[in-house]
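Reading through the structure tokens given below for one structure.
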Amino acid sequence: MWWPPILLLIVIAGTGTASSLQPDNIFSAGRIEYRKLLVDAKSASLYVGARDHIFRLWIYNVNDTSSESLYTDRELKGDPEETAECERSGNSPSECSSWLRLLFVQSDGALLACTSQAMRPHIAKLDALTMRDRDVPQSIIGVCSPHHNLNTTAVFVEFGNPDGLPTIYSGIRTGLSLENHLIYRPPLVFNNKEVHSSMRTIYTDSKWLNEPQFVGSFEVGQYVYFFFRELAVEFENCGRAAYSRVARICKNDLGGKNVLRQVFTSYVKARLNCSISSQFPFYFDHIQSVYKVDSESDTFFYASFSTADSLFVASAVCHFSLNNINRLFDNGLFSEQPSVTSAWIQTPPEQVPNNRPGQCVSDSRHTSDADLHFAKSHLLMADSVPGGEPIIHQKDVQFSTILVDKVDNKHVIFVYVPSRSEILKLVHWRESGANVKSVHLSTLRLPFPEKIFDIAILPSEYLFVADEARVSQYRVSQCEVHVDCRRCAFDPYCSWNIARGMCFTKEAIHSTAVGWIPDANSADRCSSQGKASDVKIYPGDATLLRCDSESSSWTFEKQPLGSKDHLIVTATGGLVVMNASVEDSGVYRCLSSDGTPIMEYRLTVDGANCAQPRTLDQFRSVQREWCKKYDTYKQSLSEWQAWHDRNSHCPRVPEQFTAGKLSNNIVI
Ligand SMILES: *[C@@H]1O[C@H](CO)[C@@H](O)[C@H](O)[C@H]1NC(C)=O
Ligand SMILES: *[C@@H]1O[C@H](CO)[C@@H](O)[C@H](O)[C@H]1NC(C)=O
Ligand SMILES: *[C@@H]1O[C@H](CO)[C@@H](O)[C@H](O)[C@H]1NC(C)=O
Ligand SMILES: *[C@@H]1O[C@H](CO)[C@@H](O)[C@H](O)[C@H]1NC(C)=O
């Protein structure tokens, strides 16, 4: 039997559909661990933190280090004595080097940098061009971590803080053995004088933060938001489980007078619900990365999630609306645990004071002790924030960094999959009404084997990938990977050229010029021009119709594909037609979960022109041999005519066409 080899080959072909990326440009100054990237579109700079260096690169070509206006290398050498002492106390030479941990661009164009020098973090203001210190670096605790690999976060907030003083908010771990997990705001300083003391969350109370892993922080309006996962206190009596959270604090929070002194009084948090809905929802509870996208009426947080690191790993992408988050914090029910051993319950609304926890007040030091006592134990919302149906979910992989680019009111999502060294590219958009749609556009394989530390995006232009040895630059568009019209049309960076049957980077002219299919609205025209989707095979052949969308379904001649032994849907959403017969000829469509056609194939099983053979093996061999020749020759009718005259019956079975050979002959 020749089935198993075919199946094996298809499986390989099915998962091997990633397209290899080629960098447009590369920057390297040696293997010095390029750990941190910051894009500043305004100054066309890409800032790169590496061991003992900060580089400023030209964002349109990171390889162009020819002129001082495009390139700066700022060395960050620590004091040799301090470095030696750092190593003597048991830290690795790598950790005792100088590292850029945080970098922010201020509105005046200056840079704010937190660096670890021999594990003694310093904060400095740098000139954006020369990267020289603008003033004397200050040693600082609780803003950036001296350690690699801790999952910390920080956001620079220039406006809206008490007395309008700029500051950083961090989600961090401190203490000798890093036992304190907290959200922190350093003292607010004006003219070298401390105006307001530092602020933090309570780190001795697991209700506040319970071994959190921070993944992101953002400021919007009068609030600062933190995204993290932590051990779920509300689940504690049933075992150890991590939940993902969003927390919110008011920028103008000054803490309480007696109760919650120097502690954020406005701290509230809620669970993020990224799950596949069903009678028993399947939850992705470990947030890995988050990215903020502003739109006209709302702000969205796109986040990647994975399941608990148990035997079964799966990952998903969900998105959360800021309006939903705020509505929950402003109007939702609180939850509480009446005693340490009891289950968590919803707090009856009538017990919530008028001065509700989570609201910004003009001066929190005037809030009554009773209200602050209530706030101290009521900071977890009873309900979760809905993340919608996952935009994509995959088995056996862990998603990590997520980046989102807004193009023509569509959101292009890039998700990094470390174990496969791949970047998934998706498009997600809202149609008129509340209809949300998404298409998995492509899977891009990164070319270098080194561990990746950071990925950044210059909207509509480039992705930057920093690894141990280099920073590489890739166009976001990558239109040439699209071999089918529909996917090209759905990709907001691309348009399809009908005459050439190829996908090109979109230019404004394409939407008015003839001969182009520039966007998803005109994607219906894709099916009327079937260049990329005509598949021709012969009886007995197998073929893979690709779709690259896991939640896809297939139709044949507009009817759902029934279950047939010789039609197999692959793990990556493709359809394998095995042992094709003439009856399999027709139009196959791959539909996304909401019914949008992604791919269309017109399959022709050409069995019409052959004489009947005598045995099954002969049938296959003869069919192929003859039909393939036929196909080649019929390009030129006259040639074919002459050939046909000489061979008016099918040739004898050639010896090399044995059953074993046939099994490898898959048309893809
Ligand atoms: C970078 O630039 C140098 C010369 O300017 C050139 O030789 C090299 O090929 C470039 N490398 C890449 C990856 O673009
Ligand atoms: C940080 O998060 C990653 C995954 O998101 C995890 O593998 C790693 O262990 C975390 N680091 C620490 C120090 O817990
Ligand atoms: C999460 O969302 C799903 C689907 O909308 C819903 O069925 C489930 O009850 C929600 N779970 C929680 C804990 O809110
Ligand atoms: C392949 O299909 C033909 C006709 O459709 C059938 O006669 C034959 O048994 C099939 N072969 C196998 C191995 O199933």
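Atoms within a ligand are numbered from 1 in the order they appear, just like the ligands themselves.
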Looking at [Y] and [X], is there a salt bridge between them, counting it only when a charged N and a carboxylate O are closer than 4.0 Å?
{"X": "Asp405", "Y": "Lys425", "answer": "no"}
{"X": "Arg31", "Y": "Glu468", "answer": "yes"}
{"X": "Arg271", "Y": "Glu234", "answer": "no"}

contact_flag Glu389 ligand 3 heavy-atom lt 4.0 Å: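 For ligand 3, residue contact (heavy atoms, under 4.0 Å) with Glu389 is absent.
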For Ile172 against Phe214, the heavy-atom pair lying closest together: N-CE1, 3.5 Å
Single hit among Phe414, Phe300, Tyr302 for ring-ring contact (aromatic ring centres under 6.0 Å, His included) with His428: Tyr302
Under 4.0 Å to a heavy atom of [X] - the qualifying atoms of ligand 3, by number:
{"X": "Pro281", "value": "7 (O), 8 (C)"}
{"X": "Ser275", "value": "1 (C), 2 (O), 3 (C)"}
{"X": "Arg271", "value": "13 (C)"}

Plane angle bin for Phe282 and Phe284 - parallel if under 30°, tilted between 30 and 60°, otherwise perpendicular: perpendicular
Do [X] and ligand 3 have an N or O pair less than 3.5 Å apart?
{"X": "Asn273", "answer": "yes"}
{"X": "Ser277", "answer": "no"}
{"X": "Ser384", "answer": "yes"}

I'd like a table of donor-acceptor pairs (distance under 3.5 Å, sequence neighbours excluded) in which one partner is a side-chain atom from residues 198-206, with atom names and distances.
{"from": "Thr201", "atom 1": "OG1", "to": "Ile183", "atom 2": "N", "distance (Å)": "3.0"}
{"from": "Asp205", "atom 1": "OD1", "to": "Lys207", "atom 2": "N", "distance (Å)": "2.9"}

Passing candidate, side-chain contact (heavy atoms from CB on, under 4.5 Å) with Phe301, options Ile287, Val290, Val293, Val404: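 The side-chain contact (heavy atoms from CB on, under 4.5 Å) with Phe301 is passed solely by Val290 among Ile287, Val290, Val293, Val404.
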Worked check of side chain to side chain donor-acceptor pair (under 3.5 Å) between Arg101 and His147: CA-CA 9 Å; Arg101 293 277 189 239; His147 298 273; over 6 Å; no
Residues lining ligand 2 [heavy-atom distance under 4.0 Å, listed by chain and residue number]: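 Shell around ligand 2 (4.0 Å, heavy atoms): Asn149, Leu150, Asn151, Gln213, Arg229, Gln288.
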